[in-house]
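Only one structure is covered here, and it is reproduced in the block below.
This structure is a prediction, so every number in the text was calculated from the model and none was measured.
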Amino acid sequence: MKIEHLGIAVKSLETSDGLFERLLGTQNYKKESVEREGVTTSFYQVGESKIELVEASNPESPIAKFLDKKGEGIHHIAFGVDNIFDEIERLKKEGFIFISEEPKDGADNKLVVFLHPKSTNGVLVELCQEKP
């Protein structure tokens with residue numbers, strides 16, 4: 001397991017892309033819409049990990065609700081795993097609660113699943129695996 005990326009909720013990708021391009025000294029390598037989740041993402045490579053900027057693409061998306069409640073900032077931490085199905089089973093046996101136990105297609109060519117923050121000290125944790 002490794003830190004795959006940090007997800008940061010932003011109000012405007014246009015504004016935030018400019019900020020992160022200046023901060024990191026590089027441009028994003030990918031922008032992608034994930035319509036099922038109601039978000040648009042922008043990815044930056046930082047060493048072996050990534051930063052994912054996440055903007056709501058509709059007012060009902062979980063990111064829109066997060067922004068309304070907490071404002072811009074770190075939304076989740078994602079751990080890259082080799083086998084997401086094995087990790088789900090392992091973590092269920094350890095007593096962790098999942099928002100959904102069924103992996104779904106995520107951004108950046110990944111299968112993803114989220115652990116409920118109630119079982120991870122208030123931190124939204126994402127597991128992600130490169131799609132075959």
Side-chain angles (χ1 to χ4, degrees):
M1 193 178 294
K2 66 174 186 168
I3 295 176
E4 209 282 335
H5 69 265
L6 295 176
I8 300 174
V10 301
K11 293 179 183 175
S12 165
L13 276 183
E14 183 178 343
T15 301
S16 296
D17 273 334
L19 181 137
F20 276 84
E21 285 172 7
R22 292 191 326 271
L23 176 68
L24 301 172
T26 188
Q27 293 187 344
N28 65 25
Y29 69 86
K30 178 189 277 188
K31 266 191 180 175
E32 184 176 352
S33 176
V34 183
E35 299 212 10
R36 185 184 67 258
E37 297 299 321
V39 299
T40 304
T41 64
S42 181
F43 282 92
Y44 292 84
Q45 190 71 45
V46 182
E48 293 184 16
S49 298
K50 301 170 192 163
I51 299 290
E52 176 191 32
L53 303 182
V54 187
E55 172 190 71
S57 59
N58 73 61
E60 299 304 313
S61 76
I63 291 295
K65 293 174 184 174
F66 178 90
L67 288 166
D68 286 344
K69 185 176 179 181
K70 297 186 177 184
E72 293 181 298
I74 294 179
H75 178 259
H76 65 273
I77 183 169
F79 294 103
V81 298
D82 292 330
N83 186 315
I84 199 165
F85 298 98
D86 289 349
E87 282 301 311
I88 290 168
E89 290 307 310
R90 183 183 75 80
L91 292 171
K92 280 177 21 184
K93 288 177 186 172
E94 293 290 338
F96 290 93
I97 301 165
F98 287 80
I99 292 174
S100 169
E101 295 177 14
E102 193 62 36
K104 52 189 167 185
D105 291 340
D108 205 26
N109 197 44
K110 302 284 190 285
L111 287 175
V112 301
V113 67
F114 289 90
L115 283 79
H116 200 289
K118 289 180 182 176
S119 69
T120 55
N121 286 351
V123 177
L124 181 61
V125 172
E126 176 184 7
L127 300 180
C128 57
Q129 173 192 319
E130 194 76 27
K131 283 194 232 173

| field | With Asp108, the side chain to side chain donor-acceptor pair (under 3.5 Å) member among Lys50, His5, Lys131 | value |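 Testing Asp108 for a side chain to side chain donor-acceptor pair (under 3.5 Å) against Lys50, His5, Lys131 leaves exactly one candidate, Lys50.
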| query | Are Lys110 and Glu126 ion-paired here, with the side-chain N under 4.0 Å from a carboxylate O? | reply |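 Between Glu126 and Lys110 there is no salt bridge, as every charged N stays at least 4.0 Å from the carboxylate O atoms.
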| request: Determine, stepwise, if the pair Glu48 / Lys2 fulfils salt bridge (Lys or Arg N to Asp or Glu O under 4.0 Å). | output: CA-CA 9 Å; Glu48 293 184 16; Lys2 66 174 186 168; 5.9 Å; no
| query | With sequence neighbours left out, what residues match Glu32 under side-chain hydrogen bond (donor to acceptor under 3.5 Å, both in side chains)? | reply |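 Scan of Glu32 (side-chain hydrogen bond (donor to acceptor under 3.5 Å, both in side chains), adjacent residues dropped) gives none.
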| field | Residue list, side-chain hydrogen bond (donor to acceptor under 3.5 Å, both in side chains) with Glu37, at least two apart or on another chain | value |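 Glu37 satisfies side-chain hydrogen bond (donor to acceptor under 3.5 Å, both in side chains) with Lys104 once adjacent residues are dropped.
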| Distance from Leu53 atom CG to Glu14 atom CD, nearest 0.5 Å? |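 Taking CG in Leu53 and CD in Glu14, the distance rounds to 13.0 Å.
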If you define the side chain from C-beta out and look only at heavy atoms, does anything of [X] sit under 4.5 Å from [Y]?
X	Y	result
Val34	Val54	no
Pro103	Ile88	yes
Leu91	Phe98	yes

| task | Could you list the residues that satisfy salt bridge (Lys or Arg N to Asp or Glu O under 4.0 Å) with Glu87, not counting sequence neighbours? | result |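 Once residues adjacent in sequence are excluded, the partners of Glu87 under the salt bridge (Lys or Arg N to Asp or Glu O under 4.0 Å) criterion are Arg90.
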| said: Under the rule for salt bridge (Lys or Arg N to Asp or Glu O under 4.0 Å), what residues qualify as partners of Glu55, not counting sequence neighbours? | reply: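 Residues passing salt bridge (Lys or Arg N to Asp or Glu O under 4.0 Å) with Glu55: none at all.
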| query | Who passes ring-ring contact (aromatic ring centres under 6.0 Å, His included) against Phe66, sequence neighbours left out? | reply |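 Testing Phe66 for ring-ring contact (aromatic ring centres under 6.0 Å, His included), a comparison that skips the adjacent residues, returns His75.
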| task | Only counting residues at least two apart or in another chain, list the ones meeting ring-ring contact (aromatic ring centres under 6.0 Å, His included) with Phe114. | result |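 Testing Phe114 for ring-ring contact (aromatic ring centres under 6.0 Å, His included), a comparison that skips the adjacent residues, returns His76.
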| query | Is a side-chain donor-acceptor pair under 3.5 Å present for Gln129 with Asn83? | reply |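 Judged by distance alone, the side chains do not pair up.
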